[in-house]
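Notes for the one structure printed next.
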Amino acid sequence: MFKKITLFFLLLSFTFYGQNETQDVNSFTKELDQKIPKLLEEFMVPGTAIAIIENGELVLQKAYGYANLSKGEKVTTQTGFNIGSISKTVAAWGIMKLVEEGKIDLDAPAENYLTRWKLPESDFDSKKVTVRRLLSHTAGLSLHGYPGWTPKDRLSTIEESLNGRNNGPGRVEMIMVPGTKWKYSGGGYTILQLIIEEVTGQKFEDYIQTEVLNPLGMKSSSYDIDETILKNSSLEHDNFGEQIDFELFTAQAAAGLHTTIEDFTQFAYASLFAHKDNKKYNKVLKGITVEEMMKPAAASNDSYGLGYQVQNIPNTSYILKGHGGANTGWHAFFRVNPDTNDGFIMITNGGSGHNIYTQIFCDWIQWKTGESMGSRCEVKPSIAGKLKAFIDSEGTTNLASTYEALKINNSENYNFSEGIINDFGYYYMRRKEIGKAEAVFKLNVDQFPESSNVYDSYAEALLENGNKEKAIVNYKKSVELNPANTNAVNILKSLDVDVNTLPKAFEMDTTKLDDYIGEYQLSADFIVNISREDNKLIAKPKGQSALVIIPMSEDKFFVEEVKAEVTFNRNENGEVESMTLHQNGRDTFGIKLKE
């Protein structure tokens with residue numbers, strides 16, 4: 001067991017997979033000691049904790065930064081963090097224990113175990129929504145993820161949540177033929193949560209505590225956020241490192257587990273089913289069961305098992321199993337390789353925490369395999385942090401000149417994109433500091449005068465600040481640059497503005513819509529499906545909600561909900577062969593997959 005261990009070095013030197021030279025563990029962990037605090041500062045994340053397992057040995061388990069900035073309380077290896085969707089992996093262990101006991105059949109219809117709630121009627125066969133498909137996100141269900149509730153809210157019951165009282169995402173329902181495609185569904189895991197309660201007669205959190213967490217030695221972990229958990233927990237923080245409300249979840253199986261780095265290291269060891277001491281660490285499931293959970297499920301694009309994500313590292317045979325997790329103010333990442341008995345865990349307490357673990361994970365992969373993870377590792381901190389520090393101390397009067405000076409001197413070190421500045425403006429909008437928001441959006445207009453979206457945002461702040469006439473001017477400019485911006489058109493109408501003189505949205509020849517239908521791969525794990533519903537194109541990013549894309553011109557479309565643009569690219573024969581996503585000042589290219 002690894003209680004109270006904060007840092008442990010092997011004195012041996014290793015030759016790592018894919019490398020010609022050796023680098024000992026001591027050197028690598030010392031590099032992390034230097035890098036992690038700098039990343040926390042750059043990305044305004046107060047604290048983090050990390051564990052690394054090398055060849056079955058714990059070589060690093062350490063905390064950095066703060067759990068409570070105002071009180072100066074530092075993160076320790078016993079500090080609690082919410083781990084978002086990694087909660088699903090632990091919940092899956094609860095289901096698989098009941099499978100081993102013969103109380104649940106993986107391939108039986110989920111409805112066989114449900115009396116308190118039923119799937120809504122649809123055009124699809126509910127009997128094909130099996131327990132296995134719920135675990136692997138291949139059951140054809142809606143509802144990607146859940147926002148949390150504040151402590152002041154009345155949490156819904158599980159049944160209410162499934163029926164749509166869940167703070168926004170809507171009810172869980174069948175939206176495609178089960179067993180045919182992979183579609184991430186936190187709603188599916190809420191069904192599994194209910195199944196555990198129905199089969200065991202216990203509350204979900206009580207069953208998992210008794211049958212999974214405690215036997216694994218995870219006694220500081222819980223889905224039940226009681227006073228003990230809260231006392232030992234970090235606070236959660238936004239993208240600027242400022243404290244935000246603590247969130248609670250009805251959807252515990254999908255998003256609600258609270259744990260520590262010490263405890264979750266125990267779970268990582270339990271997941272290493274081939275480890276010589278696995279029976280010591282795993283007193284819950286058979287090793288063969290855990291191995292089965294890590295195999296890619298049918299229709300999952302080889303990317304997901306039964307509660308575990310499957311990640312192939314490019315140009316290597318190094319295959320990792322685990323999960324990522326994100327809730328408001330929390331980001332976490334977990335990977336193990338049972339073939340080599342390696343593991344990586346990182347948990348953070350800030351809205352930009354994914355930027356921390358992404359870079360450290362990339363370093364770990366480089367160390368282990370000699371292979372770079374490519375562009376995903378090239379994450380620059382937002383210039384918004386520097387701008388915020390200036391505004392907080394000096395106000396907005398000299399914001400433009402300060403921005404220009406920062407850009408001249410730091411262009412290679414920070415992200416100055418349109419999307420970054422726009423998000424910064426909305427930070428002030430949420431705080432009702434409209435004057436500051438207006439100044440930030442004006443800066444963005446000056447920097448990106450050809451962007452429809454920046455005028456839309458600037459107009460929103462102007463209108464909120466009572467400057468109706470100037471807001472109208474900027475909404476009009478937004479529509480002139482992008483006639484497909486129906487949001488701006490509708491606001492102008494509500495302000496009694498004649499919109500007939502404004503440019504009209506492009507009228508697409510509907511016979512050409514079929515040219516764009518297909519799947520486009522923008523990265524190893526990001527696929528966008530383009531389909532047609534009547535005379536509209538629908539984009540469904542893998543694991544996300546469907547979005548209508550509006551034509552701006554032939555081959556160029558606008559995605560209003562996320563303020564993004566899509567350009568379809570044709571080959572010399574006039575056939576669409578790829579797409580380019582333009583979002584947050586970044587272009588992402590995707591190849592059209594062959595059918």
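Heavy atoms only: backbone and side chains are in, while hydrogens, waters and symmetry mates are out.
- Environment of CG in Asp226: crowded, with over 12 heavy atoms of neighbouring residues, nucleotides or ligands closer than 6.0 Å.
- With hydrogens and angles disregarded, a donor-acceptor distance shorter than 3.5 Å links the side chain of Asp238 to the backbone of Phe240.
- Between Ser578 and Phe589, the closest heavy-atom pair is OG-CE1, 3.2 Å.
- When the shell of 6.0 Å around OH of Tyr403 is examined, it contains more than 12 heavy atoms from other residues, nucleotides or ligands.
- A perpendicular orientation is assigned to the rings of Tyr516 and Phe557, their planes being inclined by more than 60° (bins at 30° and 60°).
- Contact between Phe204 and Ala91 at its shortest, heavy atoms only, is CZ-CB, 4.0 Å.
- The residue from Trp364, Phe334, Tyr357 that alone fulfils the ring pair (Phe, Tyr, Trp, His ring centres under 6.0 Å) condition with Phe344 is Trp364.
- The side-chain heavy atoms of Arg335 and Phe333, taken from C-beta on, include a pair separated by under 4.5 Å.
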When you look at Asn529 and Ser531, which way does the side chain to side chain contact (heavy atoms under 4.5 Å, CB included) test go after all the steps?
-> CA-CA 6 Å; Asn529 178 269; Ser531 61; 3.8 Å; yes
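- Using modelled atom types, one finds no donor on one side chain facing an acceptor on the other under 3.5 Å when comparing Gln193 with Glu205.
- Not a single donor-acceptor pair under 3.5 Å links the side chain of Asn485 to the backbone N or O of Ser478.
- Side-chain atoms of Thr228 and Lys231 form no donor-acceptor pair, as typed in the model, at a separation below 3.5 Å.
- In this structure, the separation between OG1 on Thr77 and CZ on Phe264 is 15.5 Å, given to the nearest 0.5 Å.
- Under the 3.5 Å distance criterion, the side-chain polar atoms of Ser451 are left unmatched by any main-chain donor or acceptor of Phe448.
- From Tyr66, atom OH reaches atom CG of Asn349 across 12.5 Å, with rounding to the nearest 0.5 Å.
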Could you please spell out the steps behind the side chain to side chain contact (heavy atoms under 4.5 Å, CB included) verdict for Ile527 and Leu522?
-> CA-CA 6 Å; Ile527 295 174; Leu522 283 77; over 6 Å; no
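- Under the 4.5 Å side-chain criterion, counting only non-hydrogen atoms from C-beta, Asn355 is not in contact with Leu39.
- The aromatic rings of Phe81 and Trp330 sit perpendicular, their planes meeting at an angle over 60°, well past the 30° parallel limit.
- The NZ atom of Lys470 sits 6.5 Å away from atom NZ of Lys442, with the distance rounded to the nearest 0.5 Å.
- The backbone N or O of Gly324 sits less than 3.5 Å from a side-chain atom of Gln309, completing a donor-acceptor pair.
- Under the 3.5 Å distance criterion, the side-chain polar atoms of Ser457 are left unmatched by any main-chain donor or acceptor of Asn422.
- More than 12 heavy atoms of other residues, nucleotides or ligands lie within 6.0 Å of NZ in Lys380, so this atom counts as buried by the packing criterion.
- The number of heavy-atom neighbours closer than 6.0 Å to CD of Glu41, taken from other residues, nucleotides and ligands shown, is 12 or below.
- Side-chain atoms of Asp263 do not come within 3.5 Å of backbone N or O of Thr259 as any donor-acceptor pair.
- Between Ile36 and Thr48 the shortest side-chain heavy-atom distance falls below 4.5 Å.
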Run the numbers on Ile391 and Val440 for side chain to side chain contact (heavy atoms under 4.5 Å, CB included), then give the verdict.
-> CA-CA 10 Å; Ile391 292 173; Val440 171; 4.1 Å; yes
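- Not one N or O on the side chain of His258 forms a donor-acceptor pair closer than 3.5 Å with the backbone of Ser222.
- For the pair Ile538 and Val548, the minimum side-chain heavy-atom distance is below 4.5 Å.
- Side-chain atoms of Thr150 and Asp153 form a donor-acceptor pair, as typed in the model, at a separation below 3.5 Å.
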May I have the list of side-chain donor-acceptor pairs in residues 488-498 shorter than 3.5 Å, sequence neighbours left out?
unit_1 : atom_1 : unit_2 : atom_2 : d
Asn490 : ND2    : Thr486 : O      : 3.1
Ser494 : OG     : Ile491 : O      : 2.5
Asp498 : OD1    : Asn500 : N      : 3.0
Asp498 : OD1    : Asn500 : ND2    : 3.0

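- Using a 4.5 Å heavy-atom cutoff, the side chains of Glu247 and Tyr146 are not in contact.
- Looking only at side-chain heavy atoms (C-beta outward), Ile549 and Phe558 stay at 4.5 Å or farther from each other.
- Distance check, rounded to the nearest 0.5 Å: CD of Glu464 to NZ of Lys432 gives 5.5 Å.
- Within a 6.0 Å sphere centred on NZ of Lys512, other residues, nucleotides and ligands contribute 12 heavy atoms or fewer.
- At a cut-off of 3.5 Å, with distance as the only test, a side-chain donor of Ser85 or Tyr184 sits close to an acceptor on the other residue.
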Passes side chain to side chain contact (heavy atoms under 4.5 Å, CB included), Met44 versus His237? Steps please.
-> CA-CA 9 Å; Met44 296 172 283; His237 306 83; over 6 Å; no
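- When only modelled atom types and interatomic distance are considered, Asn68 and Ser234 share no side-chain donor-acceptor pair under 3.5 Å.
- Between the Ser161 side chain and the Thr157 main chain, no donor and acceptor come within less than 3.5 Å of each other.
- Between Phe568 and Tyr520, the ring center distance clears the sub-6.0 Å criterion.
- The side-chain heavy atoms of Leu162 and Arg165, taken from C-beta on, include no pair separated by under 4.5 Å.
- Look at Lys388 and Glu242 and you find a salt bridge, because one of the NZ, NE, NH1 or NH2 atoms lies within 4.0 Å of a carboxylate O, short of that distance.
- Distance CZ/Phe441 to OH/Tyr458: 11.0 Å, rounded to 0.5 Å.
- To the nearest 0.5 Å, atoms CD1 (Ile360) and CG (Leu60) are separated by 10.0 Å.
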side-chain hydrogen bond (donor to acceptor under 3.5 Å, both in side chains) between Thr250 and Ser156, worked out = CA-CA 6 Å; Thr250 296; Ser156 59; 3.2 Å; yes
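- Between the side chains of Ser142 and Glu173, not a single donor N or O lies within less than 3.5 Å of an accepting N or O.
- The backbone N or O of Ala389 lies less than 3.5 Å from no partner atom in the side chain of Asp392, so there is not a single donor-acceptor pair.
- Note on Lys35 versus Glu42: no salt bridge recorded, every NZ/NE/NH1/NH2 to OD/OE distance being 4.0 Å or above.
- Ser185 places a side-chain N or O within 3.5 Å of a backbone atom of Gly188 that can act as its donor or acceptor partner.
- Within the 4.5 Å cutoff, the side chain of Val479 has no heavy atoms near those of the Tyr455 side chain.
- Comment: Asp456 does not engage Lys477 in a salt bridge, judged by the lack of any side-chain N to carboxylate O separation of less than 4.0 angstrom.
- Within a 6.0 Å sphere centred on NZ of Lys536, heavy atoms belonging to other residues, nucleotides or ligands number 12 at most.
- At most 12 heavy atoms of other shown residues, nucleotides or ligands fall within 6.0 angstrom of atom NZ in Lys476.
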